[in-house]
Visitor: 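Following this message is one structure expressed as structure tokens.
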There are 2 protein chains.
Amino acid sequence: MSEEPHFLKEEKDKLEIGRSANSDATLEPLQLGKRVREIRLSQNLTLEEASKLTGLARSTLSKIENEQISPTFSAVSKLVQGLGIDIPQLFSQPKSKSSAGGRRDITRSGEGTPHPTPTYEHELLATQLTSKKMIPFKTTVHTHSFNEFTDWVRHDGEEFLYVLSGSLLFYTEFYEPIELFPGDSAYYDCEMGHALVSTSEEDAVVIWVTA
Amino acid sequence: MSEEPHFLKEEKDKLEIGRSANSDATLEPLQLGKRVREIRLSQNLTLEEASKLTGLARSTLSKIENEQISPTFSAVSKLVQGLGIDIPQLFSQPKSKSSAGGRRDITRSGEGTPHPTPTYEHELLATQLTSKKMIPFKTTVHTHSFNEFTDWVRHDGEEFLYVLSGSLLFYTEFYEPIELFPGDSAYYDCEMGHALVSTSEEDAVVIWVTA
DNA sequence: AACAAAAGTTTCCAATAGGAAATTTTTGTT
DNA sequence: AACAAAAATTTCCTATTGGAAACTTTTGTT
């Protein structure tokens, strides 16, 4: 549907880089060995220790890390299990995992990035940080009638909603519309069609967080 | 065929002791073959066709699907590439993808689940839903001095913070403390130590979302 | 039912992964 | 620098994978 802030897609795309294989032929370098070594070292493990944890021989681990063999699926499973690796992590690139994880981004009231649409007026928060798990924004709901929507808003993920001011009707595809007032909140699956309509004189304002 | 492949036995053994040994992270059945077959059939491909697409022999594919061999990583890569499979998809269980994705949980103002601590008073929101990607809560910050914290709060994930009322100091391990007022928000990595201290007469109230 | 064609499985063997131990490299200490 | 200890790599060998072709089962047609 058109109303959906397209920035969501953008963010998602960004997040998904490296996930699915490229449509075209080239089998990516996909240096499994390199990744494994990174992971092992990041946990300060020697081959010997990793060997005990995974049940794979030291020599086998060494060969895997040096890309001298193509481990069998069961070997990979043991690796994953033994080192507590998150599978996607294995296949995704360097992953700013060890990126110190010390990021912080402050957004002063009203200083977010504006992103207007016909129905909603979004103010994106924490836009200085990229690769976030969540996308927070403050939204003013201009709509005062459900008719103003051409279709359900629908996208991947889950959403949390908190009403700051005004009152509104929360329409969802599979439930009766429900009226929300300041302080009320909702959590829902975004694949389910959803839409907000202000019922108060002034436009309702909400906090929205998508993940 | 006389013997059952070695690796299969191993897996089974592991599964049996799995309970007493490793409480969590148990290597599940993980029926790679089954998944592959499902995927191939869902695309209406014969082994012959899949063979051409992946570059793997018909016989090899058959054996993989029947769990008679543990494919090497390079074989898995070819599979993934040829059939356009998403790797994590391969490793994850049947995936309760069918989670219908039509969940919704409304929490009225003040009706969340209380969760008091010495320093904060949390009100958990959307507690009727489980398996959420995000955990939202409204928190009243009782603390009025940084000394009341014995140590940094630190945990996995990322956090989004929005100030509803009052003013407070946002302390983080790697940055100067910064004062926040209603409408201000912050987004940060939780592995970095963090703490909130009210600076207004009354306790500050914030919305917190963790993912 | 009988047959033919298509799909899938199994066999057999060459190629390669995985483990134990030997060898080499790296690290740390005097 | 020399040595010892720790870590990583390589060797050597057995067990398993992967492919070609033979074989079996299933499907569809008359």
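Just so we're on the same page: letters track the sequence lines, and every chain starts at 1.
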Visitor: Taking atom P of D/dA20 as reference, at what distance in whole Å does atom CG of B/Leu61 sit?
Guide: 12 Å
Visitor: Taking CD1 from B/Ile64 and C1' from D/dT16, how many angstroms apart are they, rounded to a whole number?
Guide: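 Going from CD1 in B/Ile64 over to C1' in D/dT16 covers 13 Å.
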Visitor: Separation of A/Lys63 atom NZ from C/dT23 atom C1', in whole Å?
Guide: 14 Å
Visitor: When both hydrogen-bonding distances must be under 3.5 Å and the geometry is Watson-Crick or G-U wobble, what is D/dT30 paired with, if anything?
Guide: C/dA1
Visitor: Take the protein atom CD of B/Glu48 and the nucleotide atom C1' of C/dA5, then report the distance between them rounded to whole Å.
Guide: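 My rounded result for the distance is 13 Å.
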Visitor: Is there a donor-acceptor pair closer than 3.5 Å between any side-chain N or O of A/Thr60 and the backbone N or O of A/Leu56?
Guide: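 Looks like no, no N/O pair under 3.5 Å.
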Visitor: Figure out the CG/C1' separation between B/Asn66 and D/dT17, and round it to whole Å.
Guide: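 After rounding, the gap between these two atoms is 15 Å.
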Visitor: Return yes if the base of C/dA7 and the side-chain atoms of B/Thr46 contain a donor-acceptor N/O pair under 3.5 Å, otherwise no.
Guide: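 Per atom types, no contact qualifies.
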Visitor: Separation of A/Leu47 atom CG from C/dA20 atom P, in whole Å?
Guide: 15 Å
Visitor: Can you tell me if the side-chain N/O atoms of A/Arg37 get under 4.0 Å from OP1 or OP2 in D/dA7?
Guide: no
Visitor: Nearest to the side chain of A/Ser70, which nucleotide is it out of D/dG18, C/dG19, C/dA17?
Guide: C/dA17
Visitor: I want to confirm an ordering. Mapping A/Leu56 and B/Arg40 to their closest nucleotides on DNA chain C, which one lands closer to the 5' end?
Guide: B/Arg40
Visitor: Return the value, rounded to whole Å, for the distance between atom CZ of A/Phe73 and atom P of C/dG18.
Guide: 13 Å
Visitor: B/Thr60 side chain N/O closer than 4.0 Å to the phosphate oxygens (OP1, OP2) of D/dG18?
Guide: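 So the side-chain polar atoms of B/Thr60 never come under 4.0 Å of the phosphate oxygens OP1 or OP2 of D/dG18.
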Visitor: Measure the acute angle between the ring planes of B/Trp208 and B/Phe137, then classify it against the limits of 30° and 60° as parallel, tilted or perpendicular.
Guide: tilted
Visitor: Nearest whole Å is fine: how far is C/dT11 C1' from B/Arg58 CZ?
Guide: 13 Å
Visitor: Can B/Arg104 be said to sit on top of A/Tyr175's aromatic six-ring, NZ or CZ under 6.0 Å from centre and within 45° of the ring axis?
Guide: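 Yes, a cation-pi geometry holds between B/Arg104 and A/Tyr175.
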Visitor: So does A/Gln68 get a side-chain nitrogen or oxygen closer than 4.0 Å to the phosphate oxygens (OP1/OP2) of D/dT10?
Guide: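 Yes, because at least one side-chain N or O of A/Gln68 sits under 4.0 Å from OP1 or OP2 of D/dT10.
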Visitor: To the nearest 0.5 Å, how far apart are CZ in B/Arg35 and CD1 in B/Ile39?
Guide: 5.0 Å
Visitor: Under 3.5 Å, is there any donor-acceptor pair linking the side chain of B/Ser59 to the base of D/dG19?
Guide: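 Result: at least one qualifying N/O pair found.
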Visitor: So B/Phe160 and B/Tyr187, would you call those rings parallel, tilted or perpendicular, with 30° and 60° as cut-offs?
Guide: tilted
Visitor: What's A/Thr72 touching, base or sugar-phosphate or nothing? Going by heavy atoms closer than 4.0 Å.
Guide: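 Result for A/Thr72 = sugar-phosphate.
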